[in-house]
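Numbering of residues begins at 1 and proceeds along the displayed sequence. As the structure is a computational prediction, the values presented were derived from the model and not from experiment.
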Amino acid sequence: MNMKTTMTRILTAALLLSLLSSCGAGKTDTADTGTATGSESASESTANGPVFPDVSYGGEAIHFLTEECTFGDAYTSIEIFSPGTDGSLINDTVYARNMQVEERFDVRITEERLQNASQTAYNIVLAGEDIYDVVMPYLNKSVPNATAGLYRNLYDVENLHLENSWWDQRANDNLQVGGKLYFTTGDISILDNECTMVLFFNKQLLADNDLGDPYAMVHDGKWTLDAMFAMCTGLSADLNGDGVQKNDDDRFGLFCAFNLPHSLYFGTGERIVTTDSAGELQLVMNNERSAGAVTKILENCLNTVHMTGDFNESVKAFTEGRLLMAGWALTDINSIRDCQFDFGILPYPKYNEEQEEYYSLISTILTPGVSIPVTNNEPEKAGLILEALAYYSVDSLTHAYYDTALNNRYVRDEDSGEMLDIIFASRVYDFGFIYDVGGMGMMIQNMFQTKKNNFASQYEALENKALAALDELSAAFAEAE
């Protein structure tokens, strides 16, 4: 989501409250948020916002297929449909937003939420059935559907204007192949936020040990790998004096989860696969800078002064005030709500101060993407409703998400809101990671788990397989619709 509204704006906005208190009422036209009618293209705009075509669909249903997570509600899609208000912020915001769109275009937004939506979409579309107007499976599982030619190229869909700021421009850029885009995300979704990797830190532990101000480091461009590891490395302590550093009762500076090394790698701005000027996929992992980044990351993450182990052990250490910093998905903030101290949120560090911007990996395995099946014979209608939902989400769903993610989850400092602006505007989508091309996507994680810091030999062992897999993937995209 392209540099979402800052925390200051969100905390002061009265729009959300008025929206929720009048669920079902159309949005009041203002200089920031109003809409106009009677235009031919939603890409046109006025001071009041985008100009949607003046159409009415006679109460027709716009049917979505969304994901229900198999192991809990945290990754289940709740941002597309609500049957009515129930007093909860996200649900009621979705309901109010949908009412705006439904009244504006005389449609009904409906949903079927299923486990393994990607397989359902595959079966339905392959059978030639026109059941769903829009499908939103998790991104990783959507790749085979796209390469099988089951999705429409979103760039060709009338009324869908992906250059607008309510669509994630990083997703558009990183997920297109050969000028074709089969799935994307934006303000229409909140699971892309929940699945973004961030760093949580204990403010009290930081202050007690006079370790500096990481917020200032971020703003000054000095939040680097060296700065983070220096901050964390000296903090480990055998609190009970038994001579053994244990997860249950001792103090640590950094929790090195299985996915921390590759999250740090993407934070350096390095990639596995990118697209060239012609939009073709290229393997780019083997260069001096990327090799240096992997070596530095693993050298530090394999340092035995840091905490390793499972997620629950790290949550216990963090909530007990024995862990300074942990790299988790943003949704994991739910696990530390009971902290008796203030904590903050940071982006992943740069490789060095010369790096121009921060980058944050998005865990696409549980992030849904918007796709339109080739069996949908009225894609322009789906395109218009998607465009409207995404647009109206900016001042409703995105506001509600920030409010829930921060205020209702015990992170009340304005700095963390600013950090989320930076994080959400700099997300990384990498086909090499999403598709685990030739095993390259999991290479850094496997090196960490097997304690092997030998980038050159690991890369060499996988290179031919990765190149072959990339050729196969590129050919499949080229043959798709």
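- Within the cation-pi definition used here (under 6.0 Å to the ring centroid, within 45° of the axis), Arg271 qualifies as a partner of Tyr359.
- Between Ile372 and Leu386, the closest side-chain pair of non-hydrogen atoms falls below 4.5 Å.
- Distance check, rounded to the nearest 0.5 Å: OG of Ser77 to OH of Tyr138 gives 8.0 Å.
- The distance from the OG atom of Ser393 to the CZ atom of Arg97 is 4.0 Å, given to the nearest 0.5 Å.
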Between Thr364 and Asn140, does the side-chain hydrogen bond (donor to acceptor under 3.5 Å, both in side chains) criterion hold? Intermediate values first, please. CA-CA 6 Å; Thr364 52; Asn140 286 27; 2.5 Å; yes
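- Shown here for His399 and Asp395, the closest heavy-atom pair between the two residues is NE2-OD1, 3.4 Å.
- A donor-acceptor pair under 3.5 Å is formed between the side chain of Gln340 and the backbone N or O of Asp338.
- Side chain of Gln169 to backbone of Leu162: a donor-acceptor contact under 3.5 angstrom is found.
- Partner Arg427 forms a side-chain hydrogen bond (donor to acceptor under 3.5 Å, both in side chains) with one of Thr185, Asn174, Asn193 and no other, that one being Asn193.
- Taking 4.5 Å as the limit, every side-chain heavy atom of Asn446 sits out of range of all side-chain heavy atoms of Gln458.
- The backbone N or O of Val374 lies less than 3.5 Å from a partner atom in the side chain of Arg152, making a donor-acceptor pair.
- The closest donor-acceptor contact from the side chain of Lys180 to the backbone of Ala480 lies under 3.5 Å.
- Counting only distance, with no hydrogens or angles, the side chain of Asn159 and the backbone of Gly383 share no donor-acceptor pair below 3.5 Å.
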Phe64/Arg113 under side-chain contact (heavy atoms from CB on, under 4.5 Å): CA gap, chis, key distance, verdict: CA-CA 8 Å; Phe64 284 76; Arg113 189 183 297 164; over 6 Å; no
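- Note on ring orientation: taking the six-membered ring where Trp is involved, the planes of Trp166 and Tyr391 are perpendicular (angle over 60°, cut-offs 30° and 60°).
- Interatomic distance, Leu389 CG to Glu102 CD, rounded to the nearest 0.5 Å: 9.0 Å.
- Applying the 6.0 Å contact sphere to CZ of Phe105 captures more than 12 heavy atoms from other residues, nucleotides or ligands.
- Residue-environment remark: NZ (Lys141) stays at or below the threshold of 12 foreign heavy atoms within 6.0 Å.
- Here the closest non-hydrogen pair linking Phe71 and Leu366 is CZ-CD1, 3.7 Å.
- Within the 4.5 Å cutoff, side-chain heavy atoms of Ile423 are placed close to those of Leu420.
- Distance alone, capped at 3.5 Å, places no donor-acceptor pair between the Thr275 side chain and the Val177 backbone.
- Counting heavy-atom neighbours within 6.0 Å of Leu126 CG, excluding the residue itself, gives a total above 12.
- A perpendicular orientation is assigned to the rings of Phe424 and Tyr402, their planes being inclined by more than 60° (bins at 30° and 60°).
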Take Asp276 and Gln282, measure what side-chain hydrogen bond (donor to acceptor under 3.5 Å, both in side chains) needs, and give me the verdict at the end. CA-CA 7 Å; Asp276 61 19; Gln282 300 291 322; 3.2 Å; yes
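- The ring pair (Phe, Tyr, Trp, His ring centres under 6.0 Å) with Trp328 is formed by just one residue from the set Phe343, Phe318, Phe201; it is Phe318.
- Val135 is listed as a side-chain neighbour of Tyr151, based on a closest heavy-atom distance under 4.5 Å.
- Judged purely by atom type and a 3.5 angstrom limit, Ser426 uses its side chain to pair as donor or acceptor with the backbone of Tyr358.
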Should Asn172 and Thr184 be marked as a side-chain hydrogen bond (donor to acceptor under 3.5 Å, both in side chains) after you check the CA-CA gap, both sets of side-chain angles, and the distance that decides it? CA-CA 6 Å; Asn172 294 345; Thr184 193; 2.6 Å; yes
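- Distance alone, capped at 3.5 Å, places no donor-acceptor pair between the Glu378 side chain and the Asn376 backbone.
- At a threshold of 4.5 Å between non-hydrogen side-chain atoms, the residues Tyr132 and Thr120 count as touching.
- Judged by distance alone, the side chain of Thr85 and the main-chain N or O of Gly87 form no donor-acceptor pair under 3.5 Å.
- Scanning all heavy atoms of the two residues, the minimum distance from Leu346 to Met419 falls at CD2-SD, 4.3 Å.
- Looking only at distances, no side-chain donor or acceptor of Ser189 sits under 3.5 Å from a matching main-chain atom of Gly186.
- In Gln119, the CD atom is crowded: over 12 heavy atoms of neighbouring residues, nucleotides or ligands sit closer than 6.0 Å.
- Minimum heavy-atom separation, Ile78 to Val94: O-CG2, 3.7 Å.
- Here the two rings, on Phe433 and Tyr265, have centers that are 6.0 Å apart or farther.
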Test side-chain contact (heavy atoms from CB on, under 4.5 Å) applied to Ile272 and Leu283, step by step: CA-CA 6 Å; Ile272 299 171; Leu283 187 65; 4.1 Å; yes
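- Side-chain contact between Glu67 and Leu191: absent, with no pair of heavy atoms (C-beta onward) separated by less than 4.5 Å.
- By the 4.5 Å heavy-atom criterion applied to side chains, Pro347 and Val218 are counted as neighbours.
- Summarising the geometry, atom CG belonging to Asn247 is positioned 9.5 Å from atom CG belonging to Leu323; distances are rounded to the nearest 0.5 Å.
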Evaluate Asp187 against Leu397 for side-chain contact (heavy atoms from CB on, under 4.5 Å), listing each step before the verdict. CA-CA 7 Å; Asp187 283 273; Leu397 185 60; over 6 Å; no
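- Shown here for Thr375 and Val125, the closest heavy-atom pair between the two residues is CG2-O, 3.7 Å.
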From CA spacing to verdict: side-chain hydrogen bond (donor to acceptor under 3.5 Å, both in side chains), Thr70, Gln115: CA-CA 6 Å; Thr70 59; Gln115 295 181 0; 5.7 Å; no
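- More than 12 heavy atoms of other residues, nucleotides or ligands lie within 6.0 Å of CG in Asp310, so this atom counts as buried by the packing criterion.
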Might you work through the side-chain contact (heavy atoms from CB on, under 4.5 Å) test for Tyr348 and Leu361, ending with a clear yes or no? CA-CA 9 Å; Tyr348 274 76; Leu361 178 66; over 6 Å; no
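- Listed here is the closest heavy atom pair of Thr196 and Ser360: CG2-CB, 4.1 Å.
- For the atom pair Phe448 CZ and Cys256 SG, the distance stands at 5.0 Å (nearest 0.5 Å).
- Under the 4.5 Å side-chain criterion, counting only non-hydrogen atoms from C-beta, Ser118 is in contact with Asn145.
- Atom OH of Tyr155 is separated from atom CG of Leu181 by 4.5 Å, given to the nearest 0.5 angstrom.
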